[in-house]
**Q** 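Just passing along the structure, written as structure tokens.
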Amino acid sequence: MSITLTILGCGNSEGTPSIGNNWAECDPSEPKNRRLRPSVAVQSREATLIIDTGPDFKEQVNAHNINQIDAIFYTHPHGDHINGIDELRVWSKLNKTSIDVYGLDETLTDIKKRFDYHFIEKSPLYPAVLNAHVISSFAQEMTIADISFIPFLQDHGTCQSLGFRFGDIAYSTDLVDLSNDSIEILKGIKTWIVDGAGNNWNENPAHLSLERVVELNKQVGAEQVYITHLTRYMDYQTLMGSLPEGFAPAYDGLVLKN
Ligand SMILES: [Zn+2]
């Protein structure tokens, strides 16, 4: 299986710049500092999977000319990963199809509570457009079309989030810790895209610090680590100059292949 993983957004919940053109410590003249909310596209010869539909989802799909969506995966139900969900109704109408969405039971329960009108028909004018699929097993490979992957659990402080391994690439956004079981699933990857938004915080309760990412990667063993969920206090060039070898900040539009 060969896949292409594209970072559609590597910003944190506020993006960079945040509203009000606030760049904080990021250099506005560096294009890689312009970051949309977290999302990635995983594409193969047959299929396109999207992980998370945040507030910038429409802009991301249009910028990358994505014209096929086979499934949406939700890592967890926080707004920066969910709040573009209404675009899926427009997509459904355009493509005359319903859309399969996957996530943890608690994630889908939360999303259904807030966006019930996408899952149940409220009136013939607004048909249900999303089909919910609970992910409940974590050490096993799942396959959608020709894309195989292993979902794994992550500790996000206030809730659990899902990470995904696609061959030797893994995506881990929004976590503060990993269990030994999840570390075992990650062992053997070459490339790890991982949350580092806990940078500049003393014991961030929901996100990994860069020191902790380096520490965890001693067990995971990825050759290349891309830091994601970047805050506007994390300037691209400053990070490039200070991270250890094999570590780099992600940027919107970064394309990885295996
Ligand atoms: Zn987030």
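For the single chain, residues carry numbers from 1 onward in sequence order. Numbering of ligands and ligand atoms starts at 1, following listing order.
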**Q** Met234: which other cluster members, linking ILVMFWY side chains closer than 4.5 Å, directly or transitively?
**A** Ile150, Phe152, Leu175, Leu178, Ile183, Ile185, Leu186, Ile189, Trp192, Val194, Leu208, Leu210, Val213, Val214, Leu216, Val220, Val225, Ile227, Leu230, Leu239, Leu243, Phe247
**Q** Could I get the full list of ring pair (Phe, Tyr, Trp, His ring centres under 6.0 Å) partners for Tyr74, not counting sequence neighbours?
**A**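 Here no residue qualifies.
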**Q** Give me each pair satisfying ring pair (Phe, Tyr, Trp, His ring centres under 6.0 Å) with a member in residues 109-142, each pair once, sequence neighbours excluded.
**A**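 Checked against ring pair (Phe, Tyr, Trp, His ring centres under 6.0 Å) - neighbours excluded - the pairs reaching residues 109-142 are Tyr102-His133.
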**Q** Does any part of the side chain of Asp155, heavy atoms only, come nearer than 4.5 Å to the side chain of Ser179, both counted from C-beta?
**A**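 Side-chain contact under 4.5 Å: no.
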**Q** Just so I know, are the side chains of Trp23 and Asp235 near enough to count as touching, which here means a heavy-atom distance under 4.5 Å?
**A** no
**Q** Let's test this: below 2.8 Å, count the protein N/O/S atoms around the Zn ion (ligand 1).
**A** 4
**Q** Would you please classify the geometry between the His81 ring and the His229 ring as parallel, tilted or perpendicular, with 30° and 60° separating the classes?
**A**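 Because their plane-to-plane angle is under 30°, the rings of His229 and His81 count as parallel.
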